[in-house]
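Every chain is numbered from 1 and lettered A, B, ... according to where its sequence line falls, protein lines coming before strand lines.
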There are 2 protein chains.
Amino acid sequence: MTQHLFVTQGNDDIPRWREAFPQARVCRPAQARAQAGHGDHVWVMSNVDDWGVLAANLSRRNAIVAVLSYTPDSEEALQALACGARGYAHALASPEMLRQVQLVIANQGIWVLPELMAKVVGSTFRALGGESRVQEETLSALTQRERAVALSVAAGNSNKVVARELDITERTVKAHLGAVFRKLQVRDRMQLILMLSKQPIAAMDGGE
Amino acid sequence: MTQHLFVTQGNDDIPRWREAFPQARVCRPAQARAQAGHGDHVWVMSNVDDWGVLAANLSRRNAIVAVLSYTPDSEEALQALACGARGYAHALASPEMLRQVQLVIANQGIWVLPELMAKVVGSTFRALGGESRVQEETLSALTQRERAVALSVAAGNSNKVVARELDITERTVKAHLGAVFRKLQVRDRMQLILMLSKQPIAAMDGGE
DNA sequence: TCCCACCCTGTCCTTCGGTCCAATATTCGG
DNA sequence: CCGAATATTGGACCGAAGGACAGGGTGGGA
């Protein structure tokens, strides 16, 4: 029968855990190490000493591990995932959210705090140096002028600054930008930044 | 009402999809681009032209995107995730598995082929190393609420959307955001996005 | 108890961003 | 020569963004 364990060290107050999983048991790291096995669900607090090692051990034994943190950050999230944990959430998340996490990881999914997700995933691809032609493809759909405007805007410049840079009117910048939005199918400059920020701009030719 | 779309280009045979999601509709990329929006579930075949761009657009519109491939590999999986897809599976996966994927991603999880999972997660952590530590440090200067606002804004959301997300008024969002700007010493949300997505966008204008 | 940090909200105001309606000049291919 | 695409600018309009005020509430520490 599958167990459901909460691993903690101090005497953390865990009303939400209790509420989310009434059938779960609270235990110490040592007990979890000894008892948990295949199919068991184990929640590990990130304030436990060597929680990473513990998570790695448990997940290696095919336990389903989620890490909970009072101070979630993307680095810790990545570490948790690297240690085999399949979930990473705030320790004080609502019972509904905890159950959602449980549902996801029980179905072979990964669950990470939504706010961290973008960074965890987003930075991955860049760091890997993966070549995505997304950028060049999208940019190649633009005219030279539109491209220049788009890149300047993506660098965080205001329309006014772009206008000065390219020595045109702010009005013209808006016109080009409108075309860029249409062609790249984005709503506003923020989405443009996010789209262009997905990849480092490798070799931008000044035109061709 | 949330739609359920399959995006494909050729006339792929999709008996398993049909079986898994009888209520789903098959459509072309253009249709998906036009119709899909918030909360919709969209399955994109990786043999579609510019599937990455499509996935990025859809996920940016808060659609729930999964990518299906006839020849899954970790590289493509990473690309899919980088484009905002939350699921990556084999196109010929069993209906049960497809439904599992759907269940997971509908609950804010991410689902990647188990065989690829280790590779994806592993390479992520290694590649990141200590790089994204800067952000954590800068973010740690913020209060919980400010951080939540900052991250949401950095994800490209408008103040209105952030307000809805956090269940506060738009005014409060502005207040927090003002504090964020002060603490991180940035002028506006554009600079914030650039800081948090820490991208070496060489601000080169294609200028002549 | 008082102070301070945090969280939430309000109004007024200015600037910026984006889209709608135009118009004009140039270049380039059929 | 004629249309199509590109580059440029104008004006009007409206919503979003952000600062300058001015409060309200909580909880913890001196």
Would you say [N] has OP1 or OP2 under 4.0 Å from some side-chain N or O of [X]?
X	N	value
A:R187	C:dG18	no
A:T143	D:dA7	yes
B:N159	D:dA16	no
A:K160	C:dC16	yes

Mind checking B:T172 for me? I need base, sugar-phosphate or nothing, with any heavy atom below 4.0 Å counting as a touch.
base
When you get a sec, tell me which of [options] is the closest nucleotide to the side chain of [X]?
X	options	value
A:H176	D:dA17, D:dA7, C:dC7	D:dA7
B:I168	D:dA17, C:dC8, C:dG18	C:dC8
A:F181	D:dT9, C:dC7, C:dT19	C:dT19

Whole-Å distance separating the [atom1] atom of [X] from the [atom2] atom of [N]:
X	N	atom1	atom2	value
A:R182	C:dG18	CZ	P	14 Å
A:L166	D:dT8	CG	C1'	12 Å
A:R147	D:dA7	CZ	C1'	15 Å
A:L177	D:dT8	CG	C1'	15 Å
B:N157	D:dA17	CG	C1'	15 Å
A:E170	C:dG17	CD	C1'	9 Å
B:R189	C:dG18	CZ	C1'	15 Å
B:Q191	D:dA17	CD	P	16 Å

Using a distance-only criterion (donor-acceptor N/O pair, under 3.5 Å, no hydrogens), is the base of D:dG11 paired with the side chain of A:R171?
yes
Is there a donor-acceptor pair closer than 3.5 Å between any side-chain N or O of [X] and the backbone N or O of [Y]?
X	Y	value
B:N159	B:V162	no
A:R86	A:Q108	yes
A:W111	A:L98	no
B:S69	B:T71	yes

First encountered from the 5' end of DNA chain D, between A:T169 and A:K183:
A:K183
Note: for B:R145 and B:K174 on DNA chain C, the residue whose nearest nucleotide lies more 5' is B:R145
5'-most contact on DNA chain C (nearest-nucleotide basis), A:D188 vs B:D167, goes to B:D167
Hey, what do you get for OG1 (B:T172) to CG (B:L166), rounding to the nearest 0.5 Å?
10.0 Å
Separation between the P atoms of C:dC7 and D:dG23, rounded to whole Å
22 Å
Using the six-membered ring wherever Trp is involved, compare the ring planes of A:H90 and A:Y70 and label them parallel, tilted or perpendicular (cut-offs 30° and 60°).
perpendicular
